[in-house]
Enquirer: 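This is the structure I want to talk about, given as structure tokens.
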Amino acid sequence: QVQLVESGGGLVQAGGSLRLSCTASITFFSIKPMGWYRQAPGKQRELVASISSGSRTNYADSVKGRFTISRDNAKNTVFLQMNSLKPEDTAVYYCNTWPYNNDYWGQGTQVTVSS
């Protein structure tokens, strides 16, 4: 029943930008805090950014000032605008609730940043 579908990833050069989207088929989306997570090869999955139902945001120190999370409750969508991308941003990016629910993980979208 719960389905989270990420899109917008791709291959970009360092310094470039990408905008990720996550469409959520989830009950009461508008009242749920949401987050973007990422997992790089050989690394643990980490929280990148979160956004509350009232659009209050939090960011990992590694992306603060470069990434912006937003949401459109009318479209059940959460976005991640990524600017000034660095090779270390390379990862599979996932959306989920925040805190995450292990039953909700989707397939993610691959972001690759070349040097």
Enquirer: Give, for atom CG of Leu20 and atom CD of Gln81, the distance between the pair rounded to the nearest 0.5 Å.
Expert: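 Taking CG in Leu20 and CD in Gln81, the distance rounds to 8.5 Å.
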Enquirer: Shortest non-hydrogen contact from Ala14 to Pro87?
Expert: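 Minimum heavy-atom separation between Ala14 and Pro87: CB-CD, 4.1 Å.
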Enquirer: Could you report the tightest heavy-atom contact between Trp98 and Ser50, atom names first, then the distance?
Expert: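 Closest approach of Trp98 to Ser50: CG-CB, 3.9 Å.
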Enquirer: Do you know the tightest heavy-atom contact between Tyr104 and Asn96?
Expert: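 Where Tyr104 meets Asn96 most closely, the heavy atoms are CB-OD1, 3.4 Å.
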Enquirer: Do Trp36 and Leu4 share a hydrophobic cluster, counting only Ile, Leu, Val, Met, Phe, Trp and Tyr and linking them when any side-chain heavy atoms are less than 4.5 Å apart?
Expert: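 Yes, Trp36 and Leu4 fall within the same hydrophobic cluster.
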Enquirer: Any non-hydrogen side-chain atom of Arg45 less than 4.5 Å from a side-chain atom of Tyr100?
Expert: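 No, too far: nothing below the 4.5 Å cut-off.
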Enquirer: Please check if the side chain of Lys86 supplies one atom and the backbone of Val113 the other of a donor-acceptor pair under 3.5 Å.
Expert: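 Side chain of Lys86 to backbone of Val113, a donor-acceptor pair under 3.5 Å: no, none is there.
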Enquirer: Rounded to the nearest 0.5 Å, what's the gap from SG on Cys95 to CD1 on Ile69? Could you check?
Expert: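 Reported value, rounded in 0.5 Å steps: 9.0 Å.
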Enquirer: Crowded around Asn102 CG? As in, over 12 foreign heavy atoms under 6.0 Å?
Expert: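 Yes, because the 6.0 Å sphere around CG of Asn102 holds more than 12 heavy atoms from other groups.
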Enquirer: Is it possible for you to say whether Met82 and Phe79 belong to one hydrophobic cluster, with membership spreading through side-chain heavy-atom contacts below 4.5 Å?
Expert: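 No, because Met82 and Phe79 fall into different hydrophobic clusters, even though each may have its own neighbours under 4.5 Å.
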Enquirer: Taking the six-membered ring for Trp and the full ring for Phe, Tyr or His, determine whether the centres of Trp105 and Tyr94 are under 6.0 Å apart.
Expert: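 Distance test on ring centres: under 6.0 Å, yes.
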Enquirer: If we ignore hydrogens and angles and just use 3.5 Å, is the side chain of Thr77 paired with the main-chain N or O of Thr23 as donor and acceptor?
Expert: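 No, the answer is negative, given that no donor and acceptor are paired below the 3.5 Å cut-off.
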Enquirer: Show the nearest heavy-atom pair for residues Asp103 and Asn101, with the distance to one decimal.
Expert: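 Taking every non-hydrogen atom into account, N-OD1, 2.9 Å.
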Enquirer: State the OH-SG distance between Tyr93 and Cys22, to the nearest 0.5 angstrom.
Expert: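 SG of Cys22 is found 14.5 Å from OH of Tyr93.
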Enquirer: Step by step, work out the side chain to side chain contact (heavy atoms under 4.5 Å, CB included) result for Leu18 and Phe67.
Expert: CA-CA 10 Å; Leu18 284 173; Phe67 291 10; over 6 Å; no
Enquirer: Measuring from atom CZ of Phe28 to atom CG of Asn73, what distance do you get when rounded to the nearest 0.5 angstrom?
Expert: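 One gets 13.5 Å once the value is rounded to the nearest 0.5 Å.
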Enquirer: Applying a strict under-4.5 Å side-chain criterion to I, L, V, M, F, W and Y, I'd like to know whether Val5 and Val78 cluster together.
Expert: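 Unlinked, Val5 and Val78 end up in two clusters.
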Enquirer: Minimum heavy-atom separation for Arg38 and Ala91, please, with both atom names.
Expert: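 What the structure gives for the nearest pair is CB-CB, 3.8 Å.
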Enquirer: Considering all heavy atoms of both residues, which atom of Arg66 and which atom of Asp89 are nearest to each other, and what is their separation?
Expert: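 Scanning both residues completely, I find the closest heavy atoms to be NH1-OD2, 2.7 Å.
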Enquirer: Could you tell me if the side chain of Gln110 sits less than 4.5 Å from the side chain of Thr90, heavy atoms only?
Expert: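 Sidechains of Gln110 and Thr90: in contact.
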Enquirer: Nearest 0.5 Å, please: how far is OH in Tyr59 from CG in Leu80?
Expert: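 Separation between the atoms: 8.0 Å.
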Enquirer: Is there a path of hydrophobic side-chain contacts, each under 4.5 Å between heavy atoms of I/L/V/M/F/W/Y residues, joining Ile51 to Phe29?
Expert: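 Per the 4.5 Å side-chain linkage, Phe29 and Ile51 are co-clustered.
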Enquirer: Are Val12 and Val48 connected into the same hydrophobic cluster when the rule is that any two of I, L, V, M, F, W, Y join if their side-chain heavy atoms are below 4.5 Å apart?
Expert: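 Same cluster: Val48 reaches Val12 through Ile, Leu, Val, Met, Phe, Trp or Tyr contacts under 4.5 Å.
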Enquirer: Say you draw a straight line from CE of Met34 to OG of Ser70; how long is it, rounded to the nearest 0.5 Å?
Expert: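 Separation between the atoms: 12.0 Å.
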